[in-house]
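Report on one structure; see the data block that follows.
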Amino acid sequence: MLRLIGLAAILVASPVALNAQATGNDALLLQCRALEKRSQRLECFDNAMDTIFGVDEVAEAEREQLRRDNFGNLAAEEQDTADAYSGTITHVDFNQTYRILRLQLDNGSIWEAKTSGSLNLGFLQPGEQVTIEKGALGTFKLSVAGKKGWRGVKRID
């Protein structure tokens, strides 16, 4: 019975001792906790964990893949998107009635060509390497490797 009381006293005192012990990283975590925006708070906690435990290569690769997949998605947060995307055309669809050209890229995103730009779109084929960059005022510019000019595009899916 006496042992049981002693064990209970140790178990009750342990959390108090752990809370009183400063880890040195409390200020960093409390700073993250105070952020209002969810995406900023999550990024802050990720950076704090990287500081405390080291960089997680798998998580970093997943973040980079998320940035690539979100490129051109206007609903995504700014820090969750890449600055440019380079990939391969997997499918080309041209609607002759409405003169709409749609491209599907290797990441699954679908882009619709606009009338701006000087790139001739009549020769685009699956397998071609393309680069899409951010333009002015939320626009995007598509360029094809080995061809001159660019064409304005809009991500539709």
Side-chain angles (χ1 to χ4, degrees), residues 15 18-19 21-157:
L18 288 175
N19 281 340
Q21 183 182 29
T23 62
N25 297 312
D26 294 341
L28 187 60
L29 294 174
L30 289 173
Q31 185 181 25
C32 295
R33 189 174 167 191
L35 293 173
E36 295 279 330
K37 206 170 191 182
R38 286 183 182 183
S39 59
Q40 289 176 344
R41 186 170 52 245
L42 178 60
E43 185 175 357
C44 182
F45 276 122
D46 284 346
N47 291 337
M49 289 297 140
D50 289 348
T51 301
I52 295 168
F53 297 108
V55 176
D56 182 3
E57 285 82 17
V58 173
E60 195 60 37
E62 288 174 354
R63 282 186 210 135
E64 185 57 36
Q65 185 62 39
L66 175 71
R67 288 185 193 106
R68 286 177 48 91
D69 290 345
N70 280 341
F71 182 76
N73 185 354
L74 298 177
E77 297 287 334
E78 181 68 27
Q79 69 270 12
D80 291 341
T81 61
D83 294 328
Y85 178 78
S86 293
T88 306
I89 298 174
T90 58
H91 183 75
V92 178
D93 182 34
F94 182 69
N95 183 327
Q96 295 219 355
T97 305
Y98 298 105
R99 303 195 47 79
I100 297 173
L101 177 75
R102 291 191 175 148
L103 309 167
Q104 183 172 3
L105 302 181
D106 55 356
N107 68 346
S109 63
I110 299 174
W111 296 79
E112 186 174 286
K114 298 295 179 191
T115 57
S116 61
S118 61
L119 180 66
N120 186 355
L121 297 174
F123 301 108
L124 291 180
Q125 299 294 323
E128 287 191 283
Q129 294 291 320
V130 297
T131 300
I132 300 176
E133 299 173 329
K134 290 182 179 180
L137 303 172
T139 61
F140 297 95
K141 300 189 305 185
L142 175 132
S143 57
V144 180
K147 295 184 181 179
K148 292 183 180 180
W150 58 272
R151 178 65 64 157
V153 290
K154 174 184 174 185
R155 183 171 178 173
I156 58 172
D157 184 33

Could you check Tyr85 against Phe140 for side-chain contact (heavy atoms from CB on, under 4.5 Å), going step by step and ending with a plain yes or no? CA-CA 10 Å; Tyr85 178 78; Phe140 297 95; over 6 Å; no
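Arg102 places no side-chain N or O within donor-acceptor distance of the main-chain N or O of Asp93, the cut-off being under 3.5 Å. A side-chain donor-acceptor contact under 3.5 Å links Thr90 to the backbone of Gln104.
Closest heavy-atom contact between Trp111 and Arg155: CE3-N, 3.4 Å. Here the shortest heavy-atom pairing between Arg151 and Ser118 reads NH2-C, 4.4 Å. Smallest separation of non-hydrogen atoms from Thr131 and Ser86: OG1-OG, 3.3 Å. Here the closest heavy-atom approach between residue Ala48 and residue Leu29 is recorded as CB-CD2, 3.9 Å.
Going from atom CD of Gln65 over to atom CG of Asn107 covers 7.5 Å, rounded to the nearest 0.5 Å. In this structure, CD1 in Ile52 is found 10.0 Å from CZ in Phe45, a value given to the nearest 0.5 Å. The distance from atom OG of Ser109 to atom CG of Leu103, rounded to the nearest 0.5 Å, is 9.5 Å. For the atom pair CD of Glu112 and CG of Asn95, the computed distance is 10.0 Å after rounding to the nearest 0.5 Å. With values rounded to the nearest 0.5 angstrom, Arg38 atom CZ is found 10.5 Å from Leu42 atom CG. The structure places CG of Leu30 at 11.5 Å from CG of Leu35, a figure rounded to the nearest 0.5 Å.
Contact annotation: the side chain of Leu105 approaches that of Ile89 to within less than 4.5 Å [non-hydrogen atoms, C-beta and beyond].
Within a 6.0 Å radius of NZ in Lys154, no more than 12 heavy atoms belonging to other residues, nucleotides or ligands are found. Counting heavy-atom neighbours within 6.0 Å of Arg41 CZ, excluding the residue itself, gives a total above 12.
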